[in-house]
Amino acid sequence: MNDSVRVRFAPSPTGHLHIGGARTALFNWLFARHHGGTFILRIEDTDTSRSTDEYIQAIIEGMKWLGLDLDEGPFRQTARFDIYRSYVDRLLAQGKAYRCYCTPEELEQRREQALAEGKNPKYDGRCRNLPRNLTAQSSEKPFAVRFMMPQDGTTVLDDMIKGRIEFDNSLLDDMIILRSDGSPTYNFVVVVDDIDMKITHVIRGDDHVNNTPKQLHIYLAFGWEPPKFGHLPMILGADKSRLSKRHGATSVMAYKDMGYLPEALVNYLVRLGWSHGDQEIFTIEELVKYFSFDNVGSSAAVFNPEKLIWLNSQYMINTSAEKLAELVLPFLEKSGLIADGTVPDMHWLAKAVYTLRERAHTLVELAHSMTYYLADKVEIDPKAKEKFMKPEGLKLLADLRNALAELSDFSAQEIEKTFGAIVGKAGTKLGSLAQPARVAITGGTASPGIFEVFEIVGKDKVLRRLDKAIGGG
RNA sequence: GGUCCCAUCGUCUAGAGGCCUAGGACAUAGCCCUCUCAAGGCUAAGACACGGGUUCGACUCCCGUUGGGACUACCA
């Protein structure tokens, strides 16, 4: 390969950036970065009835969040209709395309009939051989433009991922390249644009494999050298059907809202179809360095949320407490634990986050688990109370409370010594004090080390919660 | 229906004809660590879809069967 690699991600803005699209974008991006090439975003909005500006923004936002930076674009196809028209005219003039006066209704009817008779619903080519003068005369009638496909022979696609694939030309339809409203269609514009933008490698989902021979013939008709193709296998849901909303969240930004780190999602997505030996966790630099289509598999992959969660927790553990504190802030505001606009003591927050980061799998969980650090009061879980708030425990708690009140240095270290002294005097194990203490301060039976928790909650709140617990609250 | 693609543990995958008694990761179970919960460590269970070839030898190559998926629009 050389340094002039140019690739594009070409979504249609009919929805948010979803998991499958994100992976296609990622593989394009990695390929471009690996080769020091150019990554382009092209918006395929020729279906004006389904495309919206809002979704264009959503797609850009999703890519930005994932860190897939653009070198060129976004280009919009709706801004290029004149260009496509001129190419259609060229084909028409050369007799490589023709006007079709069949109406969509007629076409649909014939299609259904063919299907009902078990025949191929291929266009019958009835407008193919209309005399030229007739087509000129009836130009006031609405027409679409069809591309004249070869009727025999085979077309070969040499795919970077799937290898050599042969197609029988007789099965190819004279597809419409220009609708009767004058707008061009996908299979045509994709070719014109890929040439126009000097795309060297077309990397897309393998739902496009069957489009490729049609597109190849358009390259041929213009005398253009086609780019290389790489068709990525699909991502499926747990039931092995195409990933959709039924399988849970599919939009990339939904994962942001659920508290995933973009690096974790990227790492997860890249392992769907690509591998580098036994390695599971990669930095972006490593991905760029190692990425190659030699290691891209050709079978579809099932999206497995559990592994994503594991990866996310790995990334959280390896993110600095300071950084995590910043990241969790919006989630704390969202959950109401911190009032909007209030700036907490970030040093304190980082300390709190540090104790929790290997216990939470997502930022949402992290924020939620900080309740007892941030809230004024905690609610005691009835089951925990019943199990640990027995007379012996309460007695120890009272001793603890009195000793703690004397502490001027309310640090984990001093707190631990205090616990030790009380337990030692009572001749019991640490657990018999630590658990009641945990329940009193956190409201539950699971938390980080109790000494750290005490320090972070702070002396005032600790004493107050202890008092309340001892008093039977 | 037709065309095309795909096929290793439940899931993601390693595997380039002998390195395979099929490796790793997630999930599951047990143990260890331990103030609880995690994290971490160790262990267990768990797969080459099936049938034919080719070969001295097939997870690996070929063919078929079965199963899954995609496409088959004046959608992209």
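Just the heavy atoms: all of them, side chains too, but no hydrogens, waters or symmetry mates, feed the values below. Letters go in sequence order (proteins before strands), and every chain restarts at 1.
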Quiz item: Considering only the P atoms, how many Å lie between B:rA58 and B:rU21, rounded to the nearest integer?
Solution: 13 Å
Quiz item: Between atom CE in A:Met234 and atom P in B:rC12, what is the gap in whole Å?
Solution: 15 Å
Exercise. Would you mind telling me which residue lines up with the more 5' stretch of RNA chain B, A:Arg50 or A:Asp294, judged by nearest nucleotide?
Key: A:Asp294
Exercise. Quick one: look up who B:rG67 pairs with, Watson-Crick or G-U, both distances under 3.5 Å, and put none if it's unpaired.
Key: B:rC6
Self-check item: Rounded interatomic separation in angstrom, taking CD1 from A:Ile281 and P from B:rG24
Solution: 17 Å
Quiz item: Looking at residues at least two apart in the chain, or sitting in another chain, which of them share a ring-ring contact (aromatic ring centres under 6.0 Å, His included) with A:Tyr55?
Solution: A:His16
Quiz item: Centres of the A:Phe31 and A:Phe293 rings: under 6.0 Å?
Solution: yes
Practice problem: Write down the distance between CZ (A:Phe229) and P (B:rC71), rounded to a whole number of angstrom. | Solution: 18 Å
Quiz item: What's the CG-P distance between A:Asn312 and B:rA39, to the nearest Å?
Solution: 13 Å
Practice problem: If a pair satisfies ring-ring contact (aromatic ring centres under 6.0 Å, His included) and one of its residues is in residues 415-438 of chain A, list it, with sequence neighbours excluded. | Solution: A:Phe419-A:Phe451, A:Phe419-A:Phe454
Dump every N/O contact between nucleotides 19-21 of chain B and the protein below 3.5 Å, one line per pair.
none

Practice problem: Just jot down the side chain to side chain donor-acceptor pair (under 3.5 Å) partners of A:Glu386, sequence neighbours excluded, or say none. | Solution: none
Practice problem: Mark yes or no for a side-chain to base donor-acceptor pair under 3.5 Å between A:Gln279 and B:rG24, with no hydrogen or angle criteria applied. | Solution: no
Quiz item: Quick one: A:His208 NE2 to B:rU72 C1', roughly how many Å, whole number?
Solution: 15 Å
Quiz prompt | Pairwise side-chain contact, A:Val156 with A:Phe167, heavy-atom cut-off 4.5 Å (strictly under) | solution = no
When you compare the protein's N or O atoms with those of nucleotides 26-29 of chain B, which come within less than 3.5 Å of each other, and at what distance?
{"residue": "B:rC26", "atom": "O2'", "partner": "A:Lys307", "partner atom": "N", "Å": "3.4"}
{"residue": "B:rA27", "atom": "O2'", "partner": "A:Glu306", "partner atom": "OE1", "Å": "3.4"}

Quiz item: So what's B:rC31 paired with, Watson-Crick or G-U wobble, going by both distances under 3.5 Å?
Solution: B:rG41
Quiz prompt | Rounded distance (Å) that lies between atom C1' of B:rU72 and atom CG of A:Asn169 | solution = 16 Å
Quiz item: Among all residues two or more places apart in sequence or in another chain, which pass the side chain to side chain donor-acceptor pair (under 3.5 Å) test with A:Ser86?
Solution: none
Using atom names, set out every protein N or O paired with an N or O of nucleotides 5-8 of chain B below 3.5 Å, distance rounded to 0.1 Å.
{"residue": "B:rC5", "atom": "O2'", "partner": "A:Lys162", "partner atom": "NZ", "Å": "2.7"}

Quiz item: Excluding sequence neighbours, so at least two apart, what forms ring-ring contact (aromatic ring centres under 6.0 Å, His included) with A:His208?
Solution: A:Tyr186
Exercise. Could you pull out all residues at least two apart from A:Asp158 that satisfy side chain to side chain donor-acceptor pair (under 3.5 Å)?
Key: none
Self-check item: Nearest-angstrom distance, C1' atom, B:rA25 to B:rA70
Solution: 29 Å
Quiz item: What pairs meet the salt bridge (charged side-chain N to carboxylate O under 4.0 Å, His left out) rule with one or both residues in residues 435-455 of chain A, with sequence neighbours excluded?
Solution: A:Lys351-A:Glu455
Quiz item: Quick one, which residues of residues 352-366 of chain A touch RNA chain B with a heavy atom under 4.0 Å?
Solution: A:Glu358, A:Arg359
Quiz prompt | Euclidean distance, atom CG of residue A:Asp194 to atom C1' of B:rA76 [Å, nearest integer] | solution = 13 Å
Quiz item: Between A:Arg76, A:Arg42, A:Arg8, which is the residue that forms a salt bridge (charged side-chain N to carboxylate O under 4.0 Å, His left out) with A:Asp193?
Solution: A:Arg42
Practice problem: In whole angstrom, give me the gap between the C1' atoms of B:rU60 and B:rG15. | Solution: 8 Å
Self-check item: Residues forming a side chain to side chain donor-acceptor pair (under 3.5 Å) with A:Gln215, sequence neighbours excluded
Solution: A:Arg204
